[in-house]
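In each ligand, atom 1 is the first atom listed, and ligand 1 is the first ligand listed.
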Amino acid sequence: MSGRPPRALQLPEGFRWFGPGDPVPLSHIRQAGAHEVFSSLHQIPYGEVWPRGDIRIRRETIESAGLRWSVVESVPIHEDIKTGRGDVAARLSNYAETLRNLAAEGIYTVVYNFMPVLDWVRTETDHTLPDGSRTMEFNPVHFAAFDIHALQRPGAESEHDPDNRDRAAIWWATLSESQRDAFIRGIIDVFPGVKWGLTLEDIRTLLARYDGIDAPILRKNLARFLEVVVPVAEEVGVRLAIHPDDPPFPVLGLPRIVSTVDDLASIRGMAESPANGFCFCTGSLSARPDNDVLGMLEAFLPHVHAVHLRNTRLSSDGSFQESGHLEGSVNMPPVLAVLLQEQQRRLVAGYEHWRIPFRPDHGLTMLDDIGKPPGITPGYSAIGRLKGLAELRGLMAGVQYSIRHKDA
Ligand code: DNO
């Protein structure tokens, strides 16, 4: 090795696990070829401290299956912090306490997002592809129907493209009551790992909390969050990783501030610290045609602490579908090459936190997973993710080989 950097490394391969209630057991995750788990304590209400004992139990459960809990996805941010209203100081200090407890248990990478009210949004979670597998889709016409006709949000009419608005009215009229119910559930039941059974009325109440909150105010609230938690993260060795908005544009009149290259630059500037980083989700970012995903990865590389590898196919009407991990608008080989080289650079530089864990984000629903009883978070059935992981691992081996070959 004299004078030469160590050979290109393996990115740690992860899989999301929603905890003991997840219909996909840890043993299957291990058989899928993952070594690490991205998990969260979904049973703890947002805004409360995660007790160290609960963290330990989860860690030991994962370890006893021969895996490692390396990434927390997510420690959710309470709406009080995002809105800057309510008991913000207590929520912030609880968050900081959770980071301390996680670090005390040896878990150092923490994913979070700053999306108001909803997490990810799709208009169909079970769209059948020509080969019979199922995927998730966002269709702006259907979303306009949700906003205008189901939610009946004041002002919604004027925020949608007039063409989409007309088509939305026509489409909405074709749905039966039960189709409407299923459609609405698919949009508002988007919180990974939990089923809150929210109603449209709950969504209206949550939306009302954002009255008067625009992007600059939301940004200010994120900056305040970072001001408090980044010093604690630095002290205990935690790396914070903000997840991009999904989709990366405003929905329901709510501001979204983690969608573009400028957004990421602004967040990086809010707290100049390696602890203030990103969970780089290629799928989320790719749903916006003006995002150059590879360029963004390169621009923020030193701050990338965790990675979601996923792909999308965009249509000219503004809709997008989640595609196979190696198909779609994100060109995965250079993404993996850049990540492997960055990991190598960190190791050579002696950067203590050199590992960049990734997971296949979502997967198509296919084969025996089609028609399985409900209980699986959309996008998180086993086989489609296993396929994604297998493809990504194969690609990674090829990219490693070519990096080595180039160095030789
Ligand atoms: C969707 C996920 C997101 C992500 C959170 C991070 O499948 O990628 O829900 O976990 O936004 O806080």
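- Per-residue contacts place S74 under 4.0 angstrom from the following atoms of ligand 1 (heavy atoms of the residue considered): 5 (C), 6 (C), 12 (O).
- You'll find the ring centres of F278 and H305 outside the 6.0 Å limit.
- Using a 4.0 Å cut-off to heavy atoms of M115, the atoms of ligand 1 that qualify are 11 (O).
- Of all atoms in ligand 1, numbered sequentially from 1 with element shown, those under 4.0 Å from a heavy atom of H362 are 1 (C), 7 (O).
- Counting the atoms of ligand 1 from 1 in the order shown, those under 4.0 Å from a heavy atom of N113 are 5 (C), 6 (C), 11 (O), 12 (O).
- Between Y380 and F18, the ring center distance clears the sub-6.0 Å criterion.
- A donor-acceptor contact closer than 3.5 angstrom is absent between the side chains of E73 and Y112.
- Ring centroid separation for the pair F358 and F15 does not come in under the 6.0 Å cut-off.
- Geometrically, ligand 1 and W120 share no nitrogen or oxygen pair separated by less than 3.5 Å.
- Nearest non-hydrogen protein atom to atom 3 (C) of ligand 1 is D119 OD1, 3.5 Å.
- The closest approach between a heavy atom of Y380 and any atom of ligand 1 is below 4.0 Å.
- At a threshold of 4.0 Å, the pair D361-R359 counts as salt-bridged, since one of the basic side-chain nitrogens sits closer than that to a carboxylate oxygen.
- Using a 4.0 Å cut-off between a side-chain N of Lys or Arg and a carboxylate O of Asp or Glu, R224 and E227 do not qualify as a salt bridge.
- Residue D361 touches ligand 1 through its side chain alone, judged by heavy-atom distances below 4.0 Å.
- Taking the six-membered ring for Trp and the full ring otherwise, F38 and W17 have centroids separated by 6.0 Å or more.
- A centroid separation of 6.0 Å or more is found between the aromatic rings of H325 and H362.
- A salt bridge links E235 to R100: at least one charged side-chain nitrogen sits closer than 4.0 Å to a carboxylate oxygen.
- Atoms of ligand 1 found under 4.0 Å from any heavy atom of R359, numbered from 1 in the order shown, are 8 (O).
- Nearest to atom 8 (O) of ligand 1 among the protein's heavy atoms is H243 NE2, 3.3 Å.
- For atom 2 (C) of ligand 1, the closest non-hydrogen atom on the protein side is R16 NH1, 3.5 Å.
- Nearest to atom 10 (O) of ligand 1 among the protein's heavy atoms is E73 OE2, 2.5 Å.
- Set against the non-hydrogen atoms of H308, the atoms of ligand 1 under 4.0 Å away are 8 (O).
- A heavy-atom separation below 4.0 Å is found between P192 and ligand 1.
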